[in-house]
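Data block below; observations after.
All heavy atoms count here, side chains included; hydrogens, waters and symmetry mates do not. Atoms within a ligand are numbered from 1 in the order they appear, just like the ligands themselves. Along the sequence shown, the residues carry numbers beginning at 1.
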Amino acid sequence: MTTTKKLSVIGTGYVGLVYAVCMAELGHDVVAIDIDAEKIAKLGAGISTIYEPGLDDLLRKHLCSGRLRFTTAYEVAAADFVFLAVSTPSTPEGAADLRHVRAAVQQIGENTRGAHPIIVNKSTAPVGTSDTLDYLLARQNGVGGHEFEIVANPEFLREGSAVQDFFHPDRIVLGANDPAAAHAVAELYAPLEAEIVFTDPKTAEMIKYASNAFLATKISFINEIASICEGVGADIGDVARAMGMDPRIGSRFLNPGLGFGGSCLPKDVRALNYLGAVHGAHPQLLNAVLQINADQRRRVIRILRDSLGSLESRVITLLGLAFKPGTDDIRDAPAVDLARLLMNEGAIVHAYDPFAMRSFSALFPQVEMFEDAYAAAGHADALVVATEWEEFATLDLERLHKIMQTPLIADCRNVLERARVLDAGFACFGVGTGIAGLGAVQRRTTRRVRTVPATNQTGVAAS
Ligand code: UDX
């Protein structure tokens with residue numbers, strides 16, 4: 001049974017929106033606040049601003065049930081709990097930028113009007129941020145010391161399964177100096193019957209960073225092993241599979257590819273790396289994790305250049321732009337780095353993604369977008385599979401072979417069956433398997449004339 005509480009959620013980005021909607025589903029009265037009026041108007045009209053399975057239905061359900069409202073006003077005075085879910089982007093040095101957190105805290109201070117809701121911090125912020133919030137709020141209200149109870153409650157939602165993750169968490173972490181405040185927050189989650197870790201604020205904040213850094217380390221580890229497999233001729237697929245059978249290692253996050261992207265892993269590893277460095281540690285492992293991740297993108301450029309001779313005026317088609325399947329998010333996506341590096345080498349970049357083309361176009365207006373993989377592959381000198389969308393595994397390779405300028409596929413997510421690609425007459429690069437069939441590229445020496453596709457109003461070229 002849920003005891004209904006009044007919640008204000010500040011920030012309607014990824015975490016804030018999912019939390020606001022899902023907390024309403026748990027039975028709470030939620031008002032979601034954002035300074036972006038356009039976003040608030042959309043959400044208030046039942047239009048989700050992110051693509052996330054299951055979110056739209058719940059959003060509309062609770063706009064109708066009356067348990068969820070959206071506003072630009074700082075309605076925090078009547079709240080039992082204020083959830084802070086604003087973004088903490090990277091500074092150029094890699095630190096977490098707390099500008100939005102500070103601005104939100106200022107607004108809380110100005111608008112609580114003597115009330116003392118429990119402040120629940122969900123923004124990923126450096127270890128010690130709960131203390132900073134405590135200090136800022138007290139100073140804001142002209143109080144000498146501690147005034148609000150603050151609970152650090154990091155989130156572990158994955159994009160593409162955030163709603164599912166919310167209702168089935170592996171754990172809930174609550175860090176507070178006041179056990180009563182932590183238990184009050186735990187009550188909000190009572191219907192989830194999840195395991196709860198009660199700890200102090202700094203430890204809670206560290207748990208989030210350490211968890212994401214470990215996942216990133218696992219990915220960089222398997223990518224490094226994949227590179228060694230390429231050198232020695234071992235099969236990375238079997239290596240990863242057999243490693244994963246050991247429960248101490250576990251099978252998840254052992255897929256080699258283009259390295260980790262998204263809004264969390266890269267930013268959080270950079271922030272932890274910075275935090276370690278400024279606190280006198282020497283985070284060599286984290287440095288290596290970041291370095292391997294950046295190299296994972298760069299080595300594809302080298303492979304394409306070596307295979308094609310030069311990338312100048314070559315048409316390279318990116319299949320997949322989102323940082324992973326199931327989302328339209330391109331933040332820190334490998335495809336973003338690849339497009340930038342390719343264009344820097346003089347290549348002409350064509351692209352297709354089932355969901356992420358609009359945002360990619362906004363970032364790279366010079367990249368031509370196409371309505372499907374085949375349209376994008378026309379006259380290409382190489383196809384680069386950058387996101388493992390399911391539809392890429394079943395591509396008609398004979399059809400691709402006919403329409404491409406040069407038969408070269410860099411399967412950077414290992415989604416295609418290698419034997420099938422080679423049988424179809426392609427040269428093929430796989431992560432951990434290296435390049436094979438290069439003769440196919442060298443045989444096709446004549447260049448066809450590239451036709452410029454007509455572009456329709458959405459920025460997507462017709463086939
Ligand atoms: C991550 C954490 O998993 C989540 O707990 C946290 O709250 C937010 O950050 P998310 O950013 O949604 O979630 O993505 P995730 O599924 O973790 O994948 C991150 C990146 O790693 C993706 O770019 C993905 O392609 C890559 N990845 C993942 C690999 O390259 N190999 C793998 O085996 C797994």
Exercise. Looking at CG of N212 and CG of L265, how far apart are the two atoms once the value is rounded to the nearest 0.5 Å?
Worked result: 4.5 Å

Problem set entry | Nearest protein heavy atom with distance in Å, relative to atom 5 (O) of ligand 1 | F156 O, 2.9 Å

Seminar exercise, completed: So for R413 against ligand 1, with non-hydrogen atoms under 4.0 Å, the contacting part is side chain

Exercise. Can you find a side-chain donor-acceptor pair between K267 and T124 that sits under 3.5 Å?
Worked result: no

Exercise. Can you tell me if G261 has a non-hydrogen atom under 4.0 Å from ligand 1?
Worked result: yes

Seminar exercise, completed: The side chain to side chain contact (heavy atoms under 4.5 Å, CB included) partner of F70 among V9, D34, T12 is T12

Exercise. Between F370 and H350, how do the two ring planes meet: parallel, tilted or perpendicular, split at 30° and 60°?
Worked result: tilted

Problem set entry | atom 12 (O) of ligand 1 - nearest protein heavy atom and its distance | E159 N, 2.6 Å

Problem set entry | Heteroatom proximity flag, I219 to ligand 1, N/O under 3.5 Å | no

For this session: Show your working on side-chain hydrogen bond (donor to acceptor under 3.5 Å, both in side chains) between R413 and T387 and close with a plain yes or no.
Result: CA-CA 7 Å; R413 299 289 189 171; T387 314; 5.4 Å; no

Exercise. Going by heavy atoms in the side chains, are I47 and D56 under 4.5 Å from each other?
Worked result: no

Exercise. Is it true that K208 lies under 4.0 Å from ligand 1, counting heavy atoms only?
Worked result: yes

For this session: Considering only non-hydrogen protein atoms, determine which one is nearest to atom 1 (C) of ligand 1 and report residue, atom name and distance to 0.1 Å.
Result: L265 CD1, 3.5 Å

Problem set entry | Nearest non-hydrogen protein atom, atom 6 (C) of ligand 1 | L157 O, 3.4 Å

Exercise. Do T129 and E205 have a side chain donor and acceptor closer than 3.5 Å?
Worked result: no

Problem set entry | Structural part of N255 in contact with ligand 1, heavy atom criterion under 4.0 angstrom | both

Problem set entry | Nearest-0.5 Å distance that lies between atom CZ in R102 and atom CG in D97 | 9.0 Å

For this session: Compute the ring centroids of H183 and F198, then answer whether they are less than 6.0 Å apart.
Result: yes

Exercise. Counting each atom of ligand 1 from 1 as listed, which ones have a heavy atom of L215 under 4.0 Å away?
Worked result: 3 (O)

Problem set entry | T91 versus R99, side-chain donor and acceptor atoms under 3.5 Å | no

Problem set entry | Residue and atom name of the nearest protein heavy atom (relative to atom 3 (O) of ligand 1), distance in Å to one decimal | R158 CG, 3.5 Å

For this session: Consider ligand 1: state whether an atom of it lies below 4.0 angstrom from any non-hydrogen atom of R252.
Result: no

Exercise. If you measure from each non-hydrogen atom of N212 to ligand 1, which part falls under 4.0 Å: side chain, backbone, both or neither?
Worked result: side chain

Problem set entry | Atom indices of ligand 1, in the order listed, that fall short of 4.0 Å to a heavy atom of F260 | 20 (C), 21 (O), 23 (O), 26 (C)

Exercise. Does NZ or CZ of R331 come closer than 6.0 Å to the centre of the six-membered ring of F323, within 45° of the ring's axis?
Worked result: no

Seminar exercise, completed: Counting from 1 in the order shown, the ligand 1 atoms closer than 4.0 Å to a non-hydrogen atom of L254 are 33 (O)

Problem set entry | atom 15 (P) of ligand 1: the protein heavy-atom neighbour that sits closest, reported with distance to 0.1 Å | K324 NZ, 3.7 Å

For this session: Return the orientation label for the F355 and Y51 ring planes: parallel under 30°, perpendicular over 60°, tilted otherwise.
Result: parallel

Problem set entry | Numbered atoms of ligand 1 (with element) below 4.0 Å of C264, judged on heavy atoms | 8 (C), 9 (O)

For this session: Do me a favour and list the nearest non-hydrogen protein atom to atom 22 (C) of ligand 1 with residue, atom name and distance?
Result: F323 CD1, 3.6 Å

Exercise. Which heavy atom of the protein is the closest neighbour of atom 17 (O) of ligand 1, given with residue, atom name and distance?
Worked result: F253 CZ, 3.2 Å

